[in-house]
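Atoms within a ligand are numbered from 1 in the order they appear, just like the ligands themselves. Numbering of residues begins at 1 and proceeds along the displayed sequence.
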Amino acid sequence: MSFSNLGLSNEIIRAVNELGYTEPTPIQIQAIPAVLSGCDLLAGAQTGTGKTAGFTLPLLHRLSSDKNLKTTSNGYPPIRALILTPTRELAAQVESSVCDYGKYLNLKTMVMFGGVSINPQKRLLKGRVDILVATPGRLLDHVEQGTVNLSQIEILVLDEADRMLDMGFIRDIRRILSLLPKQRQNLLFFATFSEKIKALAAGLLNRPQTIEVARRNITAETVAQKVYKVDRDKKRQLLAHLIRQDNWYQVLVFTRTKYGADRLVKQLGDDRIQALAIHGNKSQPARTHALAKFKNGSLQVLVATDIAARGLDISELPHVVNFDLPNVPEDYVHRIGRTGRAGASGEAVSLVSVDEYHLLADIEKLIQKRLPFEIVAGFGANLPTKPQEIPNGRKENPKPKGRKRPARSNATGSPKTSAKQSARRTVASSLPTQKC
Ligand code: AMP
């Protein structure tokens, strides 16, 4: 199968060829014809599967085929496609992909997210914008100020919709939906299916085509997963030891809390290992700077919390470390999805103290796999140590705080996931959908 068999225009095929894509990925093979046909789509695909091109390429094709564009009061065509993402980083990444794939088309793309000044965004909105990539909070800021007009949207994409719901964006999403024209195409992408996604899809999608590329919650086979049992106080030394001993040059490390991320960066610095943190309390320029350095290879260690790292596309990342295991088992799958991508092999290492054995058991249950463990001499778990309660971290279903708007990149939480809550189903088995 090649891209030219999928019905895309020559300009789009030229752009993907230049990016070195020789053939479409499984999600692209299914999603591209579905979106080109104009039907709604419910698609289960994790990052790393090529899902962004899966919705962007046909979206670009559809928008660029429309030659009779009306102009609006500003003298330009209206915004015709809206892509909503849960995080700023994902929004920036999606916009960059849209620009890459659409480089030979006469379409203008804009990204908007919070944490940066709103004024440059207002200026851009006065010009031509065909495709708007946005996080829900900042988009609503523009709505409130009357600086964006969503009344001519033809295609809506909810990217990583499950994470948007986890982050408490449901009210914002409903509000945005109420501002869109009734007649439009809706594309809903999620990584993990849940009752909440089912409810959202039922209210949003019209006779959607459903596709799902990887079985839910199964971790990529190209990722070697390892667990080191370690004393809770020796994690930092063990991490430094592994980085040095195995010459790790590009490591993404996950911590449970923002404070933990900052503390680890400082401690690694004391060990003369260069690290920066990326989390919700960091300013947007600091986050962008850290990510850019990490991506271009000039930063050895990037320490991140789950929400901040969500959707980061760092190609062929060789090592992911769970410095703390996540409270929500699905986050383990998302975390290690940063490595072993697009066929490249990678290693996911978890440093597990006695306090986290129950979290490890939850993860193993979810991925239906026992993870092999090792103990490194000198760092070994003193098994008689009593487990301590884990105080913080992302939990499932956080309640929005204060204003109705949820905390934007740093959701924290509510009660621990029950087995029932975390039970996931596949799309095909639980959603009564029809083919478009
Ligand atoms: P995504 O799942 O959209 O985050 O994409 C993951 C990575 O796969 C990105 O770095 C894309 O550039 C890359 N990618 C997407 N489609 C293809 C393709 N058909 N062939 C090779 N790489 C691809």
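- By the side chain to side chain contact (heavy atoms under 4.5 Å, CB included) test, S298 pairs with K293, N296, sequence neighbours left out.
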**CA sep, side-chain torsions, deciding dist, call: F189, F55, ring-ring contact (aromatic ring centres under 6.0 Å, His included)** = CA-CA 9 Å; F189 282 77; F55 63 76; 5.1 Å; yes
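- Checking only distances, T22 never comes within under 3.5 Å of ligand 1, N or O to N or O.
- With a 4.0 Å heavy-atom cut-off, ligand 1 is reached by no atom of F55.
- The atoms of ligand 1 that sit less than 4.0 Å from any heavy atom of E23 are 18 (C), 19 (N), 20 (N).
- The ligand atoms of ligand 1 that sit less than 4.0 angstrom from a heavy atom of F3 are 19 (N).
- Sorted by first and then second residue, the salt bridge (charged side-chain N to carboxylate O under 4.0 Å, His left out) pairs with a member in residues 42-61 read K51-D159, K51-E160; sequence neighbours excluded.
- A salt bridge links E89 with R287: the distance from a Lys NZ or Arg NE/NH1/NH2 to an Asp or Glu carboxylate oxygen falls below 4.0 Å.
- No side-chain N or O of H319 forms a donor-acceptor pair with one of D246 less than 3.5 Å apart.
- When each atom of ligand 1 is checked for a heavy atom of T52 under 4.0 Å away, the hits are 1 (P), 3 (O), 4 (O).
- Considering only non-hydrogen atoms, atom 20 (N) of ligand 1 lies nearest to Y21 out of Y21, Y101, F189.
- With a 4.0 Å cut-off on non-hydrogen atoms, Q28 touches ligand 1 through its side chain and not its backbone.
- Taking a 4.0 Å cut-off on heavy atoms, Q93 fails to register as neighbouring ligand 1.
- For the pair K226 and F373, the cation-pi criterion (under 6.0 Å, within 45° of the ring axis) is not fulfilled.
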